[in-house]
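A quick note: this is a predicted structure, and the numbers were derived from the prediction, not measured.
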Amino acid sequence: MPRGVGHNREQPKSLGRAVKNFIRSLRAWLVPIIIAIILAIGATVCSIFGPKILGQMTNSAVEDYQTAIINNGGQLPDPEQLADAIRWDNIGRLAIILIVLYIASVVLNYVQGAILSVVSAHYARKMRLEIIQKISRLPISYFDRHQIGDVLSRMSNDIGAVANTLASVLSQIIYSLTTLIGIVVMMMTISIPLSLIALVAIPLSLIAISFIAKRAQNYFRKGQATFGVLNSIIEEDYANQSLIKANSHEEQSIAEFTRHNEQLCTVTWKANFFSALAFPITSLFTNLGYVAICVVGGRMAIDGTLLIGSVQAFLQYVSQFNRPITEVSQIASNIQQTLAAAERIFDFLEEPEESPDSMPALEISNVKGDVAFHHVNFSYDKKTPIIKDFSVKIKPGMQVAIVGPTGAGKTTIINLLMRFYDPDSGYISIDSTPTKEMKRADVRKLFGMVLQDTWLFSGTIEENLRYGNTSATHEDIVRATKASSIHHFIESLPHGYNTVISEDSDNISAGEKQLLTIARAMVANPPMMILDEATSNVDTRTEELIQEAFTKLTNGRTSFVIAHRLSTIRNSDLILVMKEGNIVEQGTHDELLAQNGFYAELYNSQFEDAPE
């Protein structure tokens, strides 16, 4: 599949389903989240009473001032008389209450923030574990159809976005909703007419935010998917720099990256543009309401229907009332991005998994290596047949070579043998036991694989060699490396078996990697072996070493060899010649040459210029 194809979802999916899945995934932390919500509500309530108490302090001072004037015969008292007339003890008591409330608000906010931070970290850990476990349950066909960068993006960026919502956006939403409700109640206790003016801004703001959010959500979803594609491109280009430089493909690679980067830039810009519209639109409505309240409230104070301290408190509430509405519009982009990320996470977690193993599963106690294909038919897309009515019986200990042109179905045979895929019809048996009635893991443990694309992970040589058999001793490993002609090379390294292999294994040659993988297979000591194009990228001398090592490895074991170099399979007990999914010829090397058929044509095309 070309890079970037099939990953941008144009049609938005169900956000309700994503929200439901998100809430369901939080069940393990329901209690701490509820506690955090209660603390956040308590912190908000404490801060909400602030303007009310400040208004009471102002009203107390104004009342004392008016009483002092009355007691002074309607004349303005001097400052000393005025100071004596004010009930400072009452103001001081209110001030202490206000300070205590503000301190309580800060403490409660800190505690709930700490709780949500812990929950966020544990939630991210849980979701990453779920994804890695999901990866192990997915069929190989999924990885054939999807890019690794997209999966990595879901595990890192998408989970990070959702986890951050728990740590910050959730508490912000709780604060905003609690503040809105609390302020509305407090404003109603001061003045219902002024409250109605303030509340007009809410439906107008919500309508505007709802319209904007729908547009932004679609762009955020596209942005997350495009980011996954871009990750894949970066990873591929980084891992294959030598190939890119060798083919002078830098300009094309940069052009492809630029195209997807520009696409991500455009989608991100549109998403942020629509999200940013929410703030000025809500500010417009709330500011218009603020102006109207100032005019009407001032008039009510002049008419004496409302105390000046109450007007002051109401204006403070209006200012705080506008703040959560504005903050909701500001965090709307985070919410949209989080929902888009949650969709991608749960879409991945809901991908169809491998069909369950047969229960009860059959087991083979003493493997002889008798393998048979019984009228096997298979196609990857259920439309184009790859293997057609394939039948063959292989006796224990035989070395079976599978040859044929590209696309003939050679690797597909191995995929079926390892149960990476199951046949559409027919079946495969090992020691007369159908593999489809065994556990996949049990089938795969029966085979050791040495592939063309050698894979060694970042770690010491000994750790790599022990990969297939963690209980192997150092002596077991040394015996395997000597048998595979790689022991001397390892001993020549500065740290011997403790030498660390780099992430891309670029500090050892291709032939040395291949010999290490053969040694690793020897350490694992499986009953059967598979060799897939293992000598196609090495020189003649290394090929001889690999062939010698593989002869030792396959001695007494049923083995399957896939090779384009027909010189490597002359001594095979059975050669299966495949063409377009069918076995067109089978026999030994000499028998097939004598038939002068398709195998002879393949063989002669490779050796027509070489001396016999």
Side-chain angles (χ1 to χ4, degrees), residues 13-48 103-138 150-182 213 217 220-221 224 227-228 275 324 327-351 353:
K13 293 188 176 181
S14 172
L15 290 182
R17 184 167 61 89
V19 172
K20 184 186 296 184
N21 287 331
F22 177 47
I23 295 174
R24 188 183 297 117
S25 68
L26 293 173
R27 284 179 179 173
W29 299 279
L30 188 60
V31 172
I33 289 176
I34 291 175
I35 292 174
I37 291 174
I38 293 173
L39 293 176
I41 293 173
T44 305
V45 169
C46 288
S47 63
I48 284 175
I103 292 175
S105 177
V106 170
V107 172
L108 293 176
N109 262 326
Y110 174 79
V111 174
Q112 67 88 17
I115 292 174
L116 289 179
S117 295
V118 172
V119 170
S120 171
H122 285 275
Y123 177 81
R125 182 187 65 180
K126 169 182 174 287
M127 296 308 296
R128 291 191 180 102
L129 180 60
E130 284 193 15
I131 285 185
I132 201 68
Q133 290 174 338
K134 178 72 176 184
I135 289 173
S136 68
R137 298 193 301 268
L138 288 173
D150 185 59
V151 177
L152 293 177
S153 178
R154 295 172 198 249
M155 181 177 282
S156 56
N157 299 309
D158 293 339
I159 288 181
V162 175
N164 288 337
T165 297
L166 285 175
S168 58
V169 178
L170 179 60
S171 60
Q172 191 65 43
I173 292 174
I174 295 170
Y175 165 79
S176 299
L177 292 177
T178 308
T179 301
L180 277 174
I181 295 172
Q217 170 64 24
F220 274 118
R221 183 184 296 107
Q224 294 293 108
F227 192 78
S275 294
E327 286 176 344
V328 167
S329 66
Q330 287 177 321
I331 63 176
S333 61
N334 289 335
I335 295 173
Q336 298 304 313
Q337 189 173 9
T338 298
L339 290 176
E343 274 190 298
R344 284 168 47 80
I345 293 170
F346 294 112
D347 283 349
F348 178 78
L349 292 176
E350 292 172 358
E351 284 286 342
E353 300 179 1

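- The salt bridge (Lys or Arg N to Asp or Glu O under 4.0 Å) analysis of residues 166-182, with sequence neighbours excluded, yields no pairs.
- Remark: Ile115 pairs with Pro32, Ile35, Ala36, Leu39, Val111, Val119 by the side chain to side chain contact (heavy atoms under 4.5 Å, CB included) rule, at least two apart or across chains.
- Here the shortest heavy-atom pairing between Cys46 and Ala104 reads SG-CB, 4.1 Å.
- Residue pairs meeting the salt bridge (Lys or Arg N to Asp or Glu O under 4.0 Å) criterion with at least one partner in residues 164-181, sequence neighbours excluded, are absent.
- Between Ile345 atom CD1 and Ile131 atom CD1 the span is 6.0 Å, to the nearest 0.5 Å.
- Every pair tested for salt bridge (Lys or Arg N to Asp or Glu O under 4.0 Å) that includes a residue from residues 37-48 fails, sequence neighbours excluded, so the list is empty.
- Looking only at distances, a side-chain donor or acceptor of Ser117 sits under 3.5 Å from a matching main-chain atom of Gly113.
- A salt bridge (Lys or Arg N to Asp or Glu O under 4.0 Å) check over residues 156-178, counting only residues at least two apart or in different chains, returns the pairs Asp158-Arg344.
- Nearest heavy-atom pair across Gly42 and Leu108 is C-CD1, 3.7 Å.
- Atom CD1 in Ile135 sits 11.5 Å away from atom CD in Glu351 (nearest 0.5 Å).
- Taking every heavy atom of both residues into account, Ser120 and Ala163 meet most closely at OG-O, 2.6 Å.
- Listed by chain and number, the residues in a side chain to side chain contact (heavy atoms under 4.5 Å, CB included) with Ile181 amount to none (sequence neighbours excluded).
- Every side-chain hydrogen bond (donor to acceptor under 3.5 Å, both in side chains) that Arg24 has, sequence neighbours left out, goes to Asn21.
- Residues that satisfy the salt bridge (charged side-chain N to carboxylate O under 4.0 Å, His left out) test with Glu353, not counting sequence neighbours, are Lys134, Arg137.
- For Ile34, the side chain to side chain contact (heavy atoms under 4.5 Å, CB included) partners two or more places apart in sequence, or in a different chain, are Leu30, Ile38.
- The CZ atom of Phe348 sits 5.0 Å away from atom CG of Leu138, with the distance rounded to the nearest 0.5 Å.
- Here the CD-CD distance, from Gln133 to Glu130, works out to 7.0 Å after rounding to the nearest 0.5 Å.
- Every residue meeting the side-chain hydrogen bond (donor to acceptor under 3.5 Å, both in side chains) condition with Ser25, not counting sequence neighbours, appears here in chain and number order: Tyr123.
- Every residue meeting the side-chain hydrogen bond (donor to acceptor under 3.5 Å, both in side chains) condition with Arg125, not counting sequence neighbours, appears here in chain and number order: His122.
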